[in-house]
Amino acid sequence: MKNTTRFLAVFLAVVFVIAVSIWAPEALAKYKDKGILNDPHMELVEEAGEGYRYQMNANEKLYLLSRCIGSQVLPESEQNVQAFYAGNTNLGYEDLEGSYAFVRKYNGSSGREITDEEIYATCNEGIAVLKELDILPREVKEVNAASYDATLYSAIDVLEPRSNIAVWKMELSNSQKNADKENRLIDAYIDADTGKIYEFYARTPLLWRDIDTDAIIGAWAEYMELDAPTAYESDNPLLETTPYFKKYVFPGMGDGRTIVTVGYYEGIKELFLKIS
């Protein structure tokens with residue numbers, strides 16, 4: 001009798017274990033589902049946009065922009081443009097030529113950059129700072145939406161897409177055919193995050209003898225938070241289309257470097273600072 005009872009107890013225990021092993025996972029899943037289904041939950045995710053932008057220092061950003069402006073490469077088809085601005089992280093970089101691309105952002109600011117409503121005021125703030133630093137003469141006028149066109153671009157390292165920056169290009173509108181360009185900003189590239197002016201061309205009352213290129217580049221480097229430049233040594237007088245210029249070298253990415261030129265076109269009295 002005792003053996004029968006013991007056998008029955010063992011049998012029931014085995015049956016119980018088998019039943020629990022079959023029923024328990026499904027029951028547990030249903031229990032968890034009750035806490036999720038029909039109950040909204042919020043989760044913070046990284047905005048896809050144009051891809052992750054890791055924090056580059058000022059010298060790296062300057063170098064990247066210089067390479068991208070020099071390439072002036074756009075996607076080969078409208079389909080690629082749409083893919084880029086749809087927030088797709090697979091941007092089809094194999095369809096781009098070269099290692100650097102300068103791509104217009106047709107969808108405007110993603111919300112992280114200076115907007116098209118803000119860019120004119122931001123540019124004027126930058127002009128005011130450059131005047132205070134004696135980089136631009138006081139006579140240079142402010143910009144406005146009626147006379148200038150502002151276009152947002154992405155500068156991208158195609159082989160390392162996370163290396164990208166957004167910049168605004170501000171330029172005197174082509175519709176201003178007979179516009180007085182005296183003391184006007186002709187064009188400039190402006191950081192879409194910080195509002196700082198990378199490059200500019202401006203008509204001024206200055207003569208070349210009035211322009212201290214070393215003072216300008218030193219003040220601009222400090223303004224941009226760049227490492228101190230060194231003079232670019234070259235005996236080639238044909239590096240520019242004007243004889244009035246001086247070039248400087250800034251460290252770039254890796255072994256790369258950025259050349260910044262402060263120059264002057266005598267006939268039209270135009271001062272420029274450009275990167276290359």
Side-chain angles (χ1 to χ4, degrees), residues 50-51 53 56-76 80-81 84-85 91 93 96-106 109 113-114 119 122-123 126-127 130 135-136 143 148-174 185-202 216-217 220-221 223-227 229 232 239-242 245-263 265 270-276:
E50 67 212 31
R53 270 196 286 157
M56 293 185 288
N57 64 40
N59 284 76
E60 291 172 335
K61 292 171 69 174
L62 182 70
Y63 176 77
L64 174 61
L65 181 59
S66 71
R67 296 301 302 268
C68 292
I69 290 176
S71 68
Q72 294 286 294
V73 174
L74 297 175
E76 293 179 351
N80 285 339
V81 174
F84 186 92
Y85 294 115
L91 301 179
Y93 290 111
L96 297 174
E97 296 179 350
S99 299
Y100 297 91
F102 198 57
V103 186
R104 182 175 177 179
K105 296 189 65 172
Y106 287 92
S109 171
E113 302 98 0
I114 296 164
I119 185 56
T122 300
C123 183
I127 290 173
L130 295 188
I135 296 172
L136 282 175
V143 303
Y148 286 82
D149 296 324
T151 308
L152 185 59
Y153 290 89
S154 282
I156 308 166
D157 182 342
V158 177
L159 301 181
E160 286 287 343
R162 66 174 186 162
S163 298
N164 65 88
I165 60 173
V167 295
W168 281 97
K169 183 177 182 180
M170 180 71 65
E171 55 187 335
L172 191 62
S173 176
N174 289 331
L185 183 74
I186 303 304
D187 63 50
Y189 284 107
I190 305 164
D191 191 297
D193 292 325
T194 66
K196 291 187 175 182
I197 298 176
Y198 285 104
E199 177 178 298
F200 64 81
Y201 290 77
I216 287 175
I217 201 67
W220 180 79
Y223 158 75
M224 294 297 299
E225 300 181 1
L226 297 163
D227 295 341
Y232 179 80
L239 292 175
E240 297 291 336
T241 56
T242 173
F245 68 89
K246 187 171 182 179
K247 293 181 177 289
Y248 302 85
V249 179
F250 290 87
M253 289 182 172
D255 296 330
R257 61 181 185 170
T258 307
I259 298 173
V260 178
T261 306
V262 179
Y265 295 119
E270 186 168 290
L271 170 68
F272 66 86
L273 185 151
K274 71 173 183 178
I275 59 179
S276 61

[X] side-chain N/O to [Y] backbone N/O, donor-acceptor pair under 3.5 Å:
| X | Y | answer |
| --- | --- | --- |
| Tyr223 | Ile197 | yes |
| Thr194 | Lys196 | yes |
| Glu199 | Ile275 | yes |
| Asn59 | Pro251 | yes |

Any side-chain heavy atom of [X] sitting closer than 4.5 Å to one from [Y]?
| X | Y | answer |
| --- | --- | --- |
| Phe200 | Ile127 | no |
| Tyr153 | Lys169 | yes |
| Asp149 | Asn174 | no |

Between [atom1] on residue [X] and [atom2] on residue [Y], distance to nearest 0.5 Å:
| X | Y | atom1 | atom2 | value |
| --- | --- | --- | --- | --- |
| Ile216 | Lys246 | CD1 | NZ | 11.5 Å |
| Cys123 | Trp168 | SG | CH2 | 11.5 Å |
| Asp191 | Thr122 | CG | OG1 | 11.0 Å |
| Leu273 | Leu136 | CG | CG | 9.0 Å |
| Asn164 | Leu64 | CG | CG | 7.5 Å |
| Lys61 | Asp193 | NZ | CG | 5.5 Å |

(request) For Glu240, check salt bridge (Lys or Arg N to Asp or Glu O under 4.0 Å) against everything at least two apart and list the hits. (result) Lys247, Lys274
(request) Check the pair Leu159, Tyr100 against side chain to side chain contact (heavy atoms under 4.5 Å, CB included), reporting the backbone distance first and the verdict last. (result) CA-CA 8 Å; Leu159 301 181; Tyr100 297 91; over 6 Å; no
(message) So, using side-chain hydrogen bond (donor to acceptor under 3.5 Å, both in side chains) as the criterion, who are the partners of Asn57 when residues are at least two apart?
(response) none
(message) Testing the basics here: between Ala58 and Met224, what is the closest heavy-atom pair and its distance to 0.1 Å?
(response) CB-O, 3.3 Å
(message) Using every non-hydrogen atom in the two residues, find where Ala101 and Cys68 come nearest and quote the distance to one decimal.
(response) O-SG, 3.5 Å
(message) Consider side-chain contact (heavy atoms from CB on, under 4.5 Å). Of Ile114, Leu65, Thr151, which one does Val167 pass it with?
(response) Leu65
(request) Test side chain to side chain contact (heavy atoms under 4.5 Å, CB included) on Val249 and Thr258 and set out the steps. (result) CA-CA 6 Å; Val249 179; Thr258 307; over 6 Å; no
(request) Quick one: do Ile165 and Met56 satisfy side chain to side chain contact (heavy atoms under 4.5 Å, CB included)? Show the steps, please. (result) CA-CA 9 Å; Ile165 60 173; Met56 293 185 288; 3.2 Å; yes
(request) State which residues pass side-chain contact (heavy atoms from CB on, under 4.5 Å) with Pro229; sequence neighbours excluded, sorted by chain then number. (result) Ile217, Ala221, Tyr248, Phe250
(message) Check the orientation of Phe102 and Tyr189. Use parallel for under 30°, tilted for 30 to 60°, and perpendicular for over 60°.
(response) perpendicular
(message) Using the ring pair (Phe, Tyr, Trp, His ring centres under 6.0 Å) criterion, which residues pair with Phe272? Sequence neighbours excluded.
(response) Tyr201, Tyr265
(request) Carefully, step by step, assess Leu172 and Asp187 under the rule side chain to side chain contact (heavy atoms under 4.5 Å, CB included). (result) CA-CA 6 Å; Leu172 191 62; Asp187 63 50; over 6 Å; no
